[in-house]
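Below is one structure, written out as structure tokens, with a few remarks after it.
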There are 2 protein chains.
Amino acid sequence: MTSYIHCQNCSMATLCLPYQLSPEQTEKLDTIIQRHRPMQKKDVLIHSGEPLKYLYAVRSGSLKSYTIDSQGDEQIIDFHLPGDLIGFDGLIDGEHRSFTQALETTMLCEIPMQSLDTLSAELPGLRKQLLRLMSGELYASKTLLGTLNHHTAQQRLAHFLVTLSSRFQQRGLSNREFRLSMTRADIANYLGLSVETISRILTNLQQEEVIRVTNKLVTIESLEKLRTIAA
Amino acid sequence: MTSYIHCQNCSMATLCLPYQLSPEQTEKLDTIIQRHRPMQKKDVLIHSGEPLKYLYAVRSGSLKSYTIDSQGDEQIIDFHLPGDLIGFDGLIDGEHRSFTQALETTMLCEIPMQSLDTLSAELPGLRKQLLRLMSGELYASKTLLGTLNHHTAQQRLAHFLVTLSSRFQQRGLSNREFRLSMTRADIANYLGLSVETISRILTNLQQEEVIRVTNKLVTIESLEKLRTIAA
DNA sequence: CGTGGTTTTGAAAGTTCTCAAGATTAGTGG
DNA sequence: CCACTAATCTTGAGAACTTTCAAAACCACG
């Protein structure tokens, strides 16, 4: 056993493709997976329009996905945390549909699409998990749509923080205290608000003793209150 | 050959699961597909929380999918046209995540999820198309997210009409003139606007000679202008 | 320790919403 | 086929929320 990372000993396995696979099957999956070179903050992993040869799984760090609109502006559509898979939106026609950029130092696994397809013919659990992961992303995206459509700025930001909190918890991290790897501008863009509004609401939530914010570090003082606001 | 509908002679086949399947494979797919009883306007096909046993393909008519928020209000997340598949958001845990209701008289095909999975092990083209369809829905959902987030009410509605137009065109119908099976309130809800705003903007677009609206019937007088506005 | 990027805060300006009422359309039963 | 009722749609005016513009404070990196 080398010190290299394998699906068999990856702490994100239950969130990722191996979920539902037996140890032997996981080993099989592991053989098709490659490690990607480490990425530094601001490095771009995927350019929109590129052929989709690989899916990527986040091992550590975080990234944002975005499109560029007709005026050349970014439209952030996703933040990726460890255990997330990246690239599903390109399966329509085999071309990536968005850009993906590292928000901090980030490690990734690289999964050749073709091998994955071949293997999924053989492993029902893998097929199922692929559909589950896409379905989950679809669900998150539609939920977000509902949230943004029908909620105030404060509710949107609260929803964002609650969602982040539970994603960190799923990953074995604290759901009460975490670091925002994205800027306020990124959050604003993602939620369809202005930077100033994000800043003001963070200040408000702090005054109401729902959260505490120190630069990038967020401490949730009352998750209950935050959930109530988000509802 | 009976008069019954089969995948082999369905005009929506290229938008639906049979895309990429050979005639023999399509026939195989057809054997697992059942016809669903016709639905009338306001009939509810799917209740949120129900176990997902079937995916549904729209043959004719249209439907809306929505969730109910904590205040008991509808949040419309999708409109379904012929050729669309319904149910993908429930694959996470085998439970439907939203309600789906007919907007008019509607015919559906019923696809048992289990048989579909079994068959997809055998047919790579079916696997691929399943992923394509989900990916397409994901892409549409994220694009919409970007649109709603960063655009004005007029841009949103224009985008909605342009998207509908091209969906009708894909289905062999006119992209210049079509009937809105949903109410203004449904559109407003979907786009995160108020009914009044929808009404006002439709009037504006008419005055600017971009579209003509007579009740439910929309005629696009300048698709080019509409696209420019939507951008 | 300076420089650039990020965040915060204030005040004015816009866009969209809410409320209210009237007009039109669709659906139902006689 | 008409009349009636409920639902949908339109239009106006004031209110509310969020944005934009502007400037200062803060942080991070070389």
Side-chain angles (χ1 to χ4, degrees), chain A residues 40-43 64 71 73-76 101-105 147-161 179-208 211-219 229, chain B residues 40-43 64 69 71 73-76 101-105 147-161 179-208 211-218 229:
Chain A
Q40 298 307 318
K41 192 173 176 172
K42 299 206 175 174
D43 285 352
K64 65 175 173 181
Q71 287 130 67
D73 294 325
E74 251 182 55
Q75 296 191 156
I76 299 177
Q101 187 183 44
L103 294 170
E104 59 191 314
T105 304
T147 304
L148 298 187
N149 259 348
H150 299 275
H151 293 69
T152 64
Q154 193 186 39
Q155 290 176 310
R156 295 187 204 187
L157 185 51
H159 177 270
F160 176 73
L161 292 173
R179 209 186 119 269
L180 300 171
S181 59
M182 66 294 286
T183 65
R184 306 280 194 271
D186 285 338
I187 299 173
N189 186 306
Y190 180 63
L191 297 178
L193 299 168
S194 68
V195 194
E196 294 92 329
T197 300
I198 298 295
S199 183
R200 277 187 252 270
I201 293 174
L202 285 177
T203 305
N204 291 348
L205 289 176
Q206 194 158 213
Q207 283 167 354
E208 292 165 21
I211 61 173
R212 226 159 352 106
V213 189
T214 315
N215 304 328
K216 299 278 194 184
L217 188 75
V218 173
T219 308
I229 293 171
Chain B
Q40 299 307 318
K41 191 171 175 174
K42 300 207 175 170
D43 285 353
K64 64 175 174 181
D69 69 16
Q71 287 130 65
D73 294 326
E74 248 183 58
Q75 296 193 157
I76 298 177
Q101 185 184 44
L103 294 170
E104 59 191 315
T105 303
T147 303
L148 299 186
N149 259 347
H150 299 276
H151 293 71
T152 65
Q154 193 185 39
Q155 290 175 311
R156 293 187 205 188
L157 185 51
H159 177 269
F160 176 73
L161 292 173
R179 206 185 123 272
L180 300 172
S181 59
M182 68 293 288
T183 66
R184 306 278 194 272
D186 285 338
I187 300 174
N189 186 307
Y190 181 63
L191 297 178
L193 299 168
S194 66
V195 194
E196 294 92 331
T197 300
I198 299 295
S199 184
R200 279 186 252 270
I201 293 173
L202 285 177
T203 305
N204 289 348
L205 288 176
Q206 195 158 214
Q207 282 166 354
E208 291 164 22
I211 60 174
R212 224 157 356 103
V213 189
T214 315
N215 304 329
K216 300 276 194 186
L217 188 75
V218 174
I229 293 171

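As a basis for the values below, the full set of heavy atoms in this structure was taken, side chains included, without hydrogen atoms, waters or symmetry mates. Here is how names work: the chains are called A, B, and so on, in the same order as the sequence lines, proteins then strands, and each is numbered from 1.
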**OP:** Could you tell me whether A/Lys216 atom NZ has more than 12 heavy atoms of other residues or ligands within 6.0 Å of it?
**Re:** yes
Side-chain donor/acceptor pairs under 3.5 Å, residues 192-200 of chain B, sequence neighbours excluded:
| from | atom 1 | to | atom 2 | distance (Å) |
| --- | --- | --- | --- | --- |
| B/Ser194 | OG | B/Thr197 | N | 3.3 |
| B/Ser194 | OG | B/Thr197 | OG1 | 2.9 |

Subject >> Which residues share a side chain to side chain donor-acceptor pair (under 3.5 Å) with B/Glu208, sequence neighbours left out >> reply: none
**OP:** Using side chain to side chain donor-acceptor pair (under 3.5 Å) as the criterion, list what pairs up with A/Gln101, not counting sequence neighbours.
**Re:** none
Subject >> Contacts of A/Gln155 that satisfy side-chain contact (heavy atoms from CB on, under 4.5 Å) - sequence neighbours left out >> reply: A/His151, A/Thr152
Original post:
When the distance from CD of B/Gln207 to P of D/dT10 is rounded to whole Å, what number comes out?
Top reply: 12 Å
Original post:
Excluding sequence neighbours, so at least two apart, what forms side-chain contact (heavy atoms from CB on, under 4.5 Å) with B/Thr203?
Top reply: B/Gln207
Subject >> Under the side-chain contact (heavy atoms from CB on, under 4.5 Å) test, residues paired with B/Gln206 that sit two or more places apart >> reply: B/Arg212, B/Val213
**OP:** Using the heavy-atom set of chain A and a strict 4.0 Å cut-off, write down the first and last nucleotide of DNA chain C that makes it in, 5' to 3'.
**Re:** C/dT7 to C/dA11
Subject >> Heavy-atom protein contacts under 4.0 Å, nucleotides 15-30 of chain D, coded B base, S sugar-phosphate only, - none >> reply: ---SBBB-----S---
**OP:** For B/Thr183, answer base if it contacts any base atom (sugar-phosphate contacts may also be present), sugar-phosphate if it contacts only those atoms, and nothing otherwise; contact means non-hydrogen atoms under 4.0 Å.
**Re:** sugar-phosphate
Original post:
Between the axis at one end of the helix from C/dC1-D/dG30 to C/dG30-D/dC1 and the axis at the other (five pairs apiece), what's the angle to 10 degrees?
Top reply: 60°
**OP:** Can you measure from CZ (B/Arg156) to CG (B/Leu191) and round to the nearest 0.5 angstrom?
**Re:** 7.5 Å
**OP:** Run the salt-bridge test on B/Glu104 and B/Arg179 with the 4.0 Å N-O cut-off and return the result as yes or no.
**Re:** yes
Original post:
For A/His150, what residues pass the side-chain contact (heavy atoms from CB on, under 4.5 Å) criterion, not counting sequence neighbours?
Top reply: B/Gln75, B/Asn189
